[in-house]
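Values below: every heavy atom of this structure, side chains too, minus hydrogens, waters and symmetry copies.
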Number of protein chains: 2
Amino acid sequence: MNISQAAEATGLTSKTIRFYEQQGVIPPAARAANGYRIYSEQQLDMLRFIKRSRDLGFSLDESRALFALSQDPTRTSASVKQKAEQQIQRIDQQIESLQQMRALLETAVSECRGDEQADCPILDQLNGMTDESVCGGKA
Amino acid sequence: MNISQAAEATGLTSKTIRFYEQQGVIPPAARAANGYRIYSEQQLDMLRFIKRSRDLGFSLDESRALFALSQDPTRTSASVKQKAEQQIQRIDQQIESLQQMRALLETAVSECRGDEQADCPILDQLNGMTDESVCGGKA
DNA sequence: GCTTGACCTTACAGTGACTGGAAGCACTAA
DNA sequence: TTAGTGCTTCCAGTCACTGTAAGGTCAAGC
């Protein structure tokens with residue numbers, strides 16, 4: 001199985017797989033006589049693990065660490081759970097930050113007529129012309 | 001007003017202000033005899049505008065474009081509103097993506113005992129050992 | 001006058017996780 | 001033999017900074 005087949009089988013791209021190898025996320029692939037990388041089912045599983053971990057928002061470093069844990073029979077589920085809970089917290093922070101942005105934008109957008117006139121509450125907000133202590137306050 | 005005072009006054013860092021100048025986001029600052037950058041109130045307003053725009057999640061390019069719009073008397077509020085609505089859409093996509101991650105993590109975490117045993121549903125999920133078509137399905 | 005320390009300048013490298021592109025072999029089909 | 005595709009390596013670019021190094025400037029204190 002060469003790199004493009006491995007890419008197909010894992011949902012990654014060939015570029016990304018080479019990048020992971022170069023970054024030490026995965027060990028160097030075996031090579032065929034022609035120098036092409038070859039992948040075993042086991043390595044596909046590793047790549048799929050990394051992809052799923054990335055899809056849950058873990059960094060490459062954490063993904064590597066999680067895979068190491070998954071291969072370590074002496075791990076504890078507590079150690080894994082802790083990482084997952086940290087990740088949930090990070091996600092919650094990101095969501096909260098995005099929701100604050102969204103609320104500010106939404107208020108400004110709702111006040112904007114969106115017509116041919118230059119007058120625009122959205123630009124007013126960016127110019128600091130609204131009361132920022134009260135989100136989107138009209139006062 | 002020198003660069004660190006401008007940084008203080010805008011909530012940016014000196015580094016970031018220089019970076020914005022180098023990237024063409026803001027025009028080159030005037031210089032004192034000693035070569036130090038000097039900033040006027042007008043330029044502080046521009047920097048504050050950019051910061052608020054960035055804080056709403058607009059890219060530097062969009063922030064620059066929005067500032068140009070805000071300085072253009074022939075603009076229409078419709079053109080601004082469109083950019084803001086696009087930004088809301090992007091934010092919604094990001095939130096949705098994060099909420100999906102969160103839901104998957106939360107399910108796995110809730111099933112994980114988090115004790116000293118190696119057995120771990122979180123790692124099972126990363127290993128593709130759960131039914132992915134039903135998010136977190138226990139079947 | 002000299003030193004010290006804070007602040008300014010430029011320029012380049014590093015971050016994270018890729019993505020794109022160039023240049024050059026390898027393989028396959030016509 | 002040629003064309004086309006796929007593999008290889010290596011380097012540059014993305015985004016928005018941040019860190020670091022080497023050096024010039026300024027104000028205060030001795």
Asker: Side-chain N or O of B:N34 less than 4.0 angstrom from OP1 or OP2 on D:dC26?
Answerer: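 B:N34 to D:dC26 OP1/OP2: side-chain N or O found under 4.0 Å.
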Asker: Using whole Å, report how far CZ of B:R31 lies from P of D:dT25.
Answerer: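 Nearest whole value for this atom pair: 13 Å.
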Asker: Give me the first and last nucleotide of DNA chain C, going 5' to 3', that has any atom under 4.0 Å from a heavy atom of chain B.
Answerer: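 Range of nucleotides within reach of chain B: C:dC7 to C:dA11.
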Asker: Give the rounded distance in Å between these two atoms: CZ of B:F19 and C1' of D:dC15.
Answerer: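 In whole Å, D:dC15 C1' lies 7 Å from B:F19 CZ.
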Asker: Between C1' on D:dA16 and CD on B:Q22, what's the gap in Å once rounded to a whole number?
Answerer: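 These atoms are roughly 12 Å apart.
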Asker: Between the side chains of B:D45 and B:R48, is the shortest nitrogen-to-carboxylate-oxygen separation below 4.0 Å, so that they form an ion pair?
Answerer: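 Answer for the salt bridge query: yes.
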Asker: Return the value, rounded to whole Å, for the distance between atom CD of B:Q23 and atom C1' of D:dA16.
Answerer: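 These atoms are roughly 8 Å apart.
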Asker: Looking at D:dA16, I'd like to know if its phosphate oxygens (OP1 or OP2) sit under 4.0 Å from a side-chain N or O belonging to B:R64.
Answerer: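 Checking B:R64 against D:dA16: no side-chain N or O falls below 4.0 Å of OP1 or OP2.
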Asker: How would you label the contact of B:F58 with the nucleic acid (heavy atoms, under 4.0 Å): base, sugar-phosphate, or nothing?
Answerer: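 Contact class for B:F58: none.
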Asker: Within this structure, what is the CD-to-P distance between A:E21 and D:dT9, rounded to whole angstrom?
Answerer: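 So the CD-P distance, A:E21 to D:dT9, works out to 7 Å.
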Asker: Contact class for A:R37 vs. all strands (heavy atom < 4.0 Å): base, sugar-phosphate, or nothing?
Answerer: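 Since only primed, P, OP1 and OP2 atoms lie under 4.0 Å of A:R37, the category is sugar-phosphate.
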Asker: So how far is it from A:E85 CD to B:I122 CD1, rounded to the nearest 0.5 Å?
Answerer: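 If I round to the nearest 0.5 Å, the distance is 7.5 Å.
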Asker: Would you please confirm or rule out a distance under 4.0 Å between OP1 or OP2 of D:dA16 and any side-chain N or O of B:T16?
Answerer: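 So the side-chain polar atoms of B:T16 never come under 4.0 Å of the phosphate oxygens OP1 or OP2 of D:dA16.
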Asker: Rounded to whole angstrom units, what separation is found between the CZ atom of B:R18 and the P atom of D:dT18?
Answerer: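 Roughly 13 Å, once rounded to whole Å.
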Asker: Check the pair A:L98, B:Q94 against side chain to side chain contact (heavy atoms under 4.5 Å, CB included), reporting the backbone distance first and the verdict last.
Answerer: CA-CA 8 Å; A:L98 287 168; B:Q94 290 178 57; 3.7 Å; yes
Asker: Tell me: NZ of A:K15 to P of D:dC10, nearest whole Å?
Answerer: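 Result: 12 Å.
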Asker: When you match B:Y36 and A:S4 each to their closest nucleotide on DNA chain D, which lands nearer the 5' end?
Answerer: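 Checking each residue's closest nucleotide, the 5'-ward one belongs to A:S4.
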Asker: Between the side chains of A:S4 and A:N2, does any donor sit under 3.5 Å from an acceptor?
Answerer: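 Short answer, yes.
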Asker: Between B:A108 and B:P121, what is the shortest heavy-atom contact and its length?
Answerer: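 Shortest heavy-atom separation between B:A108 and B:P121 comes out as O-CB, 4.2 Å.
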Asker: Would you say B:Q5 has more than 12 foreign heavy atoms packed within less than 6.0 Å of its CD?
Answerer: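 Counting other residues, nucleotides and ligands, CD of B:Q5 exceeds 12 neighbours.
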Asker: Between B:R54 and D:dC15, does any side-chain N or O lie under 4.0 Å from OP1 or OP2?
Answerer: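 Looking at the OP1 and OP2 atoms of D:dC15, neither is under 4.0 Å from any side-chain N or O of B:R54.
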Asker: Regarding B:R90 and B:E62, does a basic nitrogen lie under 4.0 Å from an acidic carboxylate oxygen?
Answerer: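 Judged by the 4.0 Å cut-off on N to carboxylate O distance, B:R90 and B:E62 do form a salt bridge.
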